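What follows is one structure encoded as structure tokens, with my remarks underneath.
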Amino acid sequence: MLSIKNLEAGINGKMILKGINLEIKAGEIHAIMGPNGSGKSTLAAVLAGRDFIEISGGTVTYMGNDLLQMAPEDRSKEGIFLGFQYPVEIPGVSMVNFIKTAVNEHRKHRGLAPLSASDFLKLMQEKKELVEIDSKLANRSVNEGFSGGEKKKNEIFQMAMLEPKLAILDETDSGLDIDALRIVANGVNRLRKPDNASIVITHYQRLLDYIIPDVVHVLYDGRIVKTAGKELALELEEKGYDWIKQELYNHN
Amino acid sequence: MEREQDNIINDITSGEYKYGFYTDIETEKIPKGLNEDTIRLISEKKGEPEWLLEFRLKSFRHWLTMKMPGWAHLKIPEIDFQDIIYYAAPKQEPAPESLDDIDPELKKTFDKLGIPLEEQKRLTGVVAVDAVMDSVSVKTTFKETLAELGIIFCSFSEAVREYPDLVKRYMGTVVPYTDNFFAALNSAVFSDGSFCYIPKGVRCPMELSTYFRINAANTGQFERTLLVADEESYVSYLEGCTAPMRDENQLHAAIVEIIAEKNASVKYSTVQNWYPGDREGRGGIFNFVTKRGICRGDNSKISWTQVETGSAITWKYPSCILRGDNSTGEFYSVAVTNNHQQADTGTKMIHIGKNTKSTIVSKGISAGHGQNSYRGLVKVLKNASNSRNFSQCDSLLLGDKCGAHTFPYLEVDNQTAIVEHEATTSKIGEDQIFYCNQRGISTEDAIGLIVNGYAREVLNKLPMEFAVEAQKLLQISLEGSVG
């Protein structure tokens, strides 16, 4: 589904990703962990198409297409979803209007007619229950005045509405209490299908108690330095990141 | 990415102003220039009574002593007032009795503008329309239906003929001819416009609307609207306007006067879409308008809502004189300046009566090289105890070549008054646009969504069907202006 080869990228001339290699197949959940500043969010931003990131090398192939050539909105319509670490507020734009516009853009892309008002409301009702989101949130402006937890739940709600093929969740667990964490994780698990995949970016192991990854990668200083099964997350939790640095150091 | 956005900008801004067509129709024009003979000629063409001619001449003589105001935050090229045609009318003889007598070209023009001259029900409700082209009213619909309720809705010229006492009693009482340079000019040369009178206790059952169209070249448009809401009455009124695309500027200087008697309520909405000029700032309408309402009676209310997307220059301050006790004034405004457009607009709220209340919500949007100023006065007089004002002035910037300015003036002479002012300036964030992009929404649609969200508080005040139109208009005026 997604194949990243030797990806190099940076911001303002500063190299941040220094040769990333990653293969993700349909049905898999990959966790990307790593200390602050290792390049996790930059990787997510590259995949979503943020234009201030300069790509200096490598390729990204998504479903057989050159992802780096696609506009951000086309990536979305082709099934890439980014759950933002810091969801953006859009004052005056109701959540209903926003997600309806998005859903209908996706449908248009697939050659489908826009959803009727009643079908749309039905769909929304169903997905709201999935993420246990308060009904009132849908009538408020996009993320405006939402608590940290509400914002993150709202990301999962949008993901549920758009049914992506590849979901990238950027530190979705940060700032969540344990109940919100459970709800968010539940949402992700229930949306899991054999033909879609997820990249879960996190600093802490605790999210991975709820979302069980198939593969765990450790990103450090712009490179994936370790890849293993879900037990790696536990090891990191126990020992911190220092032993990886140490291991790397010894290796060199 | 950046190049792509530039392309979008090019596509959109080189797109034609939708209403920029010209109707080839035989037009009667008087020669260019302005002097007492011009004014006599206009008055004669309109078959006016002596008292009105006197009013015009008095206004003209006063205008000659005045200078163009220079205090606005606007760069106004010199206007040669002798180079303008002050009267132009589509030729129609004799005056059309029924719709069938109206020149088909004229009918087609208004059809194209989406203004039905037939009395047809629209899906969202019934709207009575007075259609004005250049210096004359072409047709007023639903006159008979309204007359059954005692409502007078007709062209200003007709009002002068049919209801001279009403016109005499109210005209110039809210905006005297001495008020300002453009008000004096209008009082001297005004051509047509609408007149509306809602009798005591009547709630007007449909939206009243005037559609102004400039068609002829080298002409100025000087219309006058007079709206009187007698005691316990209610009316919602809407005006719209468009003009052909031309390389030279055209002058529009109008007057609107509103009188609200005891317990009366007037809602006045404007969707202003005069030709704004091209991308380089060539052409476009100079829009110098004096709009003012007086809440004469206790518990009366006047509410202004304006969506200003057109004109090369806009100079306009719809105001309320709150004379009656417990009277209410409101001003809700969205003003867009794109490319080289300039706007200096706002309101004046004059609190005279006790317990008077005013609300000002102004949303400026600047893009391209546009310059957008809010200018507002809140004045509380000595006897206006317990009066309240709340002002909110927001500015939204798209791009880095435009400007937003706020000039609030407060004059409070009563200790018990409460006056609040809030102001914000923001830019459409790349983050907001990217967030939309990531959900599959294109940059153009994202800007439309964000701008409409920003202006929602004001758009919500518009009558339903116009709100939808205004939303589209906002999007069209701004699409692709972030690069």
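Fair warning: this is a prediction, and the values are worked out from it, not measured in the lab.
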With a 4.5 angstrom heavy-atom cut-off, could you sort out which part of Val142(A) is near chain B: side chain, backbone, both or neither? side chain
Return yes if a side-chain donor-acceptor contact under 3.5 Å exists between Tyr86(A) and Asp431(B), otherwise no. no
So, the part of Ile80(A) with a heavy atom under 4.5 Å from chain B: the answer is both
So which of Ile450(B), Leu449(B), Ile433(B), Ile428(B) actually passes side chain to side chain contact (heavy atoms under 4.5 Å, CB included) with Ile90(A)? Ile450(B)
Point-to-point distance, once rounded to the nearest 0.5 Å, from CD of Glu105(A) to CG of Asp445(B): 5.5 Å
Give, for atom NE2 of His106(A) and atom CD1 of Ile441(B), the distance between the pair rounded to the nearest 0.5 Å. 8.0 Å
For chain B, which candidate among Ala102(A), Ser94(A), Gly92(A) shows the most heavy-atom pairs at distances under 4.5 Å? Gly92(A)
Lys357(B) atom NZ, over 12 foreign heavy atoms within 6.0 Å: no
Roughly how far apart are Ser442(B) OG and Lys77(A) NZ, rounded to 0.5 Å? 7.0 Å
Determine whether a donor-acceptor pair (N or O, by modelled atom type, separation under 3.5 Å) exists between the side chain of Gln438(B) and the backbone of Arg75(A). no
Between Tyr435(B) and Phe98(A), does the ring centroid distance fall short of 6.0 Å? yes
Side chain, backbone, both or neither: which part of Pro87(A) has an atom under 4.5 Å from a heavy atom of chain B? both
Portion of Glu89(A) that has a non-hydrogen atom of chain B nearer than 4.5 angstrom: backbone
Least distance between heavy atoms, Gly440(B) atom then Ser76(A) atom: N-OG, 3.0 Å
May I ask you to check whether over 12 heavy atoms, not counting those of Asp195(A), lie within 6.0 Å of atom CG? yes
Measuring from Asn437(B):CG to Asp51(A):CG, what's the distance to the nearest 0.5 Å? 8.5 Å
What part of Asp74(A) gets closer than 4.5 Å to chain B, counting heavy atoms only: side chain, backbone, both or neither? neither
Under 4.5 Å from a heavy atom of chain B, the part of Leu162(A) involved: side chain
Looking at CZ of Arg439(B) and OG1 of Thr101(A), how far apart are the two atoms once the value is rounded to the nearest 0.5 Å? 13.0 Å
